[in-house]
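Position 1 is the first residue of the sequence; numbering continues from there.
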Amino acid sequence: MQKILKLSIPALFITALAGCVSEKIVETKAYGLPAYEMSNQFIAMTVIPGSNGRIADLKYDGIDLLFPYQEKRVMEDPLLPEMVFSNMSGWKEWFWGKVPLSNCTMKVTSVMKKSNLVELNLVGQYYQSQDFSLRRRLILEKGVSAVTVETTLKNLAKESESATLWVNIIPNNLPGGGKAVYPVRGKSDYAAGRAATRYPEDQVITTETQMGKNNFLVPGQPWTARVYPQQKIVMVFATDMVNLTPGGAFYSWHGPKDGEEIRTMEIIYSPIELAPGKTRTMTSRLLVFKGLSGISTLCGDIALDSKIKITSQGLNLVLDLSSVRRYACLKVKTCLVKAGTGKTVPETTREFAVSELNPGQSKTLKYTLSSQLAKGKYFISGTINGNKFLIMKMIEIH
């Protein structure tokens, strides 16, 4: 029999950017360059069209979550103008296997302010000196602590061409430090055409639990995250699994750069083949969650962090939930599934009714499962308002 639990949890304070009462998009200058600033009540970000159209900085509640823009000017020949170079900040898109050009110019084609969002559209013809145009649509919705990035590639050549999109993000260093999180596929050896670290089973790893020094990982789910425990902020870079199948990868470079220790957050998409004149659109999101000290999985607009403890009384489970969008109510259903087969263990099914979850909030579900569970390996699975999730953190009952 299923148990239905109703939770009444006091609303937490919703953080917001001071003085920001609506969605805004304005043309301005930043770092001495033409730029656009986009903001809502949670997020403020700067876009520089002349530098890969990159998101050069992003603030949540006034906190810089992306490494600030840094520009280098180099004069290689006194008869030629100085070169402007920067690959040290923000969000930018390159092509895997091609030499990245750090200051490829994009043209702004439209700026829109609608009743529920602001939108900036840019295009780069022969982007990165390749036979592709790249169109980027940046969307910031009202009341949502997330940025949507739609990237469209078009083949400009007279014959079929292949491309591997590579998104490079550099998270900022915050007081107390941060850790990277990756859901990885087990028993897999290759990613993005490179040897990848092999893990014995599907699992969620962090910088503390990552095996070896190989920074190529096979994605088990289409997201990666940076967790800032002291600020209780989780920044997630998410896409769709179709963009990572079959040859996509997580990648990260870490080390000193100009006196700062950085760790990148990168996704290499699966290669695509386009006929002349054909296009392909890929959607990614940068989501910011408040109130979590970790993340175990992503379910649409909602992040879940799980804590598991096996005791003599049974299996104690704690699920912390945070959202980038307001929900008047949530219907959460959880169960255990057997690792390997994915078969549901019916007696572990639980249902919860959660009232009102807003951006900037977190809520907690706590429950205990019987100590009579059969020996074996399990994962937590479930749905939130009908959307499925799977937490790839192995539970082993001895």
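Counting heavy-atom neighbours within 6.0 Å of K393 NZ, excluding the residue itself, gives a total above 12. The 12-atom threshold is exceeded at NZ of K113, counting heavy atoms of other residues, nucleotides or ligands nearer than 6.0 Å.
Side chains of N316 and T368: a donor-acceptor N/O pair is present below 3.5 angstrom, by distance only. Looking at E266 and N168, their side chains do bring a donor and an acceptor atom within 3.5 Å of each other. Remark: the T109 side chain and the N121 side chain contain no N/O donor-acceptor pair separated by less than 3.5 Å. A donor-acceptor contact closer than 3.5 angstrom is absent between the side chains of S252 and N215. When only modelled atom types and interatomic distance are considered, Q221 and T297 share a side-chain donor-acceptor pair under 3.5 Å. A donor and an acceptor atom, one from each side chain of S322 and S362, are nowhere located under 3.5 Å apart. Under 3.5 Å, the side chains of Y367 and T348 contain no donor-acceptor pair of N or O atoms.
A salt bridge does not link K59 with D61: none of the charged nitrogens is closer than 4.0 Å to a carboxylate oxygen. A salt bridge links E119 to R137: at least one charged side-chain nitrogen sits closer than 4.0 Å to a carboxylate oxygen. Under 4.0 Å is where a charged nitrogen must lie from a carboxylate oxygen, and between E141 and R325 at least one such pair does. The existence of a salt bridge linking E356 and R326 is confirmed by a sub-4.0 Å separation between a basic side-chain nitrogen and an acidic carboxylate oxygen. Remark: R285 engages D301 in a salt bridge, criterion side-chain N to carboxylate O under 4.0 Å.
Aromatic ring centres of F132 and Y127: separated by at least 6.0 Å.
Residues that satisfy the side-chain contact (heavy atoms from CB on, under 4.5 Å) test with S162, not counting sequence neighbours, are E273. Taking Y36 as the reference, nothing meets the ring pair (Phe, Tyr, Trp, His ring centres under 6.0 Å) condition, with sequence neighbours excluded.
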Tabulate below the donor-acceptor pairs under 3.5 Å that side-chain atoms of residues 174-185 make, not counting sequence neighbours, or state none.
residue	atom	partner	partner atom	Å
R185	NH1	D202	OD1	3.3
R185	NH1	D202	OD2	2.5
R185	NH2	G220	O	3.2

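Under the 30°/60° scheme for interplanar angles, the aromatic rings of Y69 and Y31 are found to be tilted.
Closest non-hydrogen pair, V288 versus L58, comes out as CG2-CD2, 4.4 Å. Closest non-hydrogen pair, A146 versus L140, comes out as O-CD1, 3.4 Å. For the residue pair A238 and L298, the shortest heavy atom distance occurs at CB-CD2, 3.7 Å.
A heavy-atom distance below 4.5 Å is not found between the side chains of T197 and F216. In this structure, the side chains of E201 and Y199 stay at 4.5 Å or more apart for every pair of heavy atoms.
K307 NZ to S293 OG: the interatomic distance, rounded to the nearest 0.5 Å, is 4.0 Å.
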